[in-house]
Amino acid sequence: MLAEVDAAADPAVADVLSRYFQLQPGGYGHGDRMIGVKLSTIRGILKPYLRAGLPLPELEQALTSPVHEHRLTILCLLADRASRSLKPRTANPAELAAIHELYLRSTAYVDNWDLVDCSAPQVVGGYVVDKPRDILYTLVRSASLWERRIALIATQFLIGVGQTADTYALAAEVLGDREDLIHKASGWMLREAGKRVSEEDLLAFLDQHATQMPRTMLRYAIERLDPAVRKHYLALR
């Protein structure tokens, strides 16, 4: 599978992706290695392997690869397996738990926003949907930017089933965060909570916290609101 990813590598694409994911010195992705394979290509390569039942220890080892696209491939595969483990017809709580535990052991390799965003909702959010949410609060208080983002993006799954309390609680936890990628993640999840579940709840959160919200977080959160409402909240900042 990873050999097929290697075969699809394109140096020109690698240059573009390296800039986009800030692999340059001082960038949040510095130290990573891109070989130039787009996500759409990776998803095509993955199709024959999605139901192959590849052993989780082998996938965990592959997740330590220094190649970004290798890790992206493994995380997409794990997310698909976690998602299928949640469905009534293919429910597999033991596998879901094993994938979740593997993921938490491996967060050092989930170290860019695309890696987080393709996997955290299914692997973390899906796992905790009917369980205590303590892990979300442990992650959101981590020194790791990527663990904090995992906590926030994991709530996308919860929002999808109408559960938004943790989205709002976690957003309140990161009001003072210095990282733009956290502001964007939190604002995105707030926007989704308002759009998919309750605009009234979103407005209540904004009424309480808008003056403290980083401007990027606020802009993302209000993106779907009426122009006059957006103007009101922006004026508070």
Side-chain angles (χ1 to χ4, degrees), residues 1-2 4-5 39-63 71-107 109-110 113-140 146-171 185-186 188-202 224:
M1 178 174 63
L2 296 185
E4 294 175 52
V5 174
L39 178 58
S40 57
T41 302
I42 286 172
R43 292 200 183 280
I45 291 169
L46 270 176
K47 286 182 179 178
Y49 299 97
L50 293 179
R51 290 169 173 77
L54 299 177
L56 291 181
E58 291 183 13
L59 296 177
E60 184 170 7
Q61 179 59 39
L63 191 53
R71 303 197 303 282
L72 181 59
T73 300
I74 299 303
L75 289 166
C76 287
L77 178 57
L78 291 172
D80 181 82
R81 283 175 62 166
S83 181
R84 284 188 286 110
S85 294
L86 285 158
K87 294 177 180 177
R89 292 182 61 186
T90 53
N92 190 337
E95 170 150 293
L96 179 61
I99 292 170
H100 177 74
E101 291 164 8
L102 180 165
Y103 191 85
L104 293 181
R105 289 194 300 269
S106 305
T107 56
Y109 305 103
V110 188
W113 62 261
D114 61 326
L115 304 179
V116 172
D117 295 3
C118 79
S119 58
Q122 301 90 340
V123 176
V124 181
Y127 178 76
V128 303
V129 69
D130 58 354
K131 299 176 182 66
R133 311 291 163 79
D134 305 62
I135 186 60
L136 300 181
Y137 296 89
T138 298
L139 290 169
V140 85
W146 306 117
E147 290 190 347
R148 299 199 303 279
R149 188 171 175 107
I150 287 169
L152 294 163
I153 300 300
T155 69
Q156 187 178 50
F157 188 94
L158 304 179
I159 292 166
V161 295
Q163 301 178 18
T164 59
D166 293 293
T167 298
Y168 292 115
L170 293 167
S186 181
W188 173 23
M189 292 302 102
L190 290 170
R191 182 185 72 212
E192 292 300 298
K195 180 179 72 171
R196 298 182 182 278
V197 182
S198 170
E199 185 174 299
E200 181 179 351
D201 288 349
L202 173 59
R224 297 276 182 166

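All values derive from a computational prediction rather than experimental measurement.
Side-chain contact between Leu59 and Arg81 is present, with heavy atoms from C-beta onward closer than 4.5 Å. Residues Leu39 and Asp114 fail the side-chain proximity criterion, which asks for heavy atoms closer than 4.5 Å.
One N or O on the side chain of Ser106 and one on the backbone of Leu102 form a donor-acceptor pair closer than 3.5 Å. Looking at Arg191, its side chain never comes within 3.5 Å of a backbone N or O of Arg224 through a donor-acceptor pair. Between the side chain of Thr107 and the main chain of Val110, no donor-acceptor pair closer than 3.5 Å is present. No side-chain donor-acceptor contact under 3.5 Å links Arg84 to the backbone of Asn92.
Taking CD of Glu199 as the start and NZ of Lys195 as the end, the distance is 12.0 Å to the nearest 0.5 Å. Between the CD1 atom of Ile153 and the CG atom of Leu136 there is a distance of 12.0 Å, given to the nearest 0.5 Å. Note that CG of Leu170 and OG1 of Thr155 are 6.5 Å apart. Values are rounded to the nearest 0.5 Å. Separating the CZ atom in Arg71 from the CD1 atom in Ile74 is a distance of 11.0 Å, to the nearest 0.5 Å. For the atom pair OG1 (Thr73) and CD (Glu4), the distance works out to 10.0 Å, reported to the nearest 0.5 Å. In this structure, CG on Leu96 lies 11.0 Å from CG on Leu78, to the nearest 0.5 angstrom.
The only member of Met189, Gln156, Glu192 that meets side chain to side chain contact (heavy atoms under 4.5 Å, CB included) when paired with Thr167 is Met189.
More than 12 heavy atoms of other residues, nucleotides or ligands lie within 6.0 Å of CZ in Phe157, so this atom counts as buried by the packing criterion.
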Margin query: Evaluate Ile99 against Leu56 for side-chain contact (heavy atoms from CB on, under 4.5 Å), listing each step before the verdict.
Written below: CA-CA 7 Å; Ile99 292 170; Leu56 291 181; 4.0 Å; yes
Name every donor-acceptor pair, under 3.5 Å, that has one atom in a side chain of residues 117-133 and the other anywhere in the protein, sequence neighbours excluded.
{"residue": "Asp117", "atom": "OD1", "partner": "Arg149", "partner atom": "NE", "Å": "3.0"}
{"residue": "Asp117", "atom": "OD1", "partner": "Arg149", "partner atom": "NH2", "Å": "3.3"}
{"residue": "Asp117", "atom": "OD2", "partner": "Arg149", "partner atom": "NH2", "Å": "2.8"}
{"residue": "Ser119", "atom": "OG", "partner": "Tyr103", "partner atom": "OH", "Å": "2.8"}
{"residue": "Ser119", "atom": "OG", "partner": "Leu115", "partner atom": "O", "Å": "2.7"}
{"residue": "Ser119", "atom": "OG", "partner": "Val116", "partner atom": "O", "Å": "3.4"}
{"residue": "Lys131", "atom": "NZ", "partner": "Tyr127", "partner atom": "O", "Å": "3.0"}
{"residue": "Arg133", "atom": "NE", "partner": "Val128", "partner atom": "O", "Å": "2.8"}
{"residue": "Arg133", "atom": "NE", "partner": "Lys131", "partner atom": "O", "Å": "3.1"}
{"residue": "Arg133", "atom": "NH1", "partner": "Gln163", "partner atom": "OE1", "Å": "3.3"}
{"residue": "Arg133", "atom": "NH1", "partner": "Asp166", "partner atom": "OD2", "Å": "2.7"}
{"residue": "Arg133", "atom": "NH2", "partner": "Val129", "partner atom": "O", "Å": "2.9"}
{"residue": "Arg133", "atom": "NH2", "partner": "Gln163", "partner atom": "OE1", "Å": "2.6"}

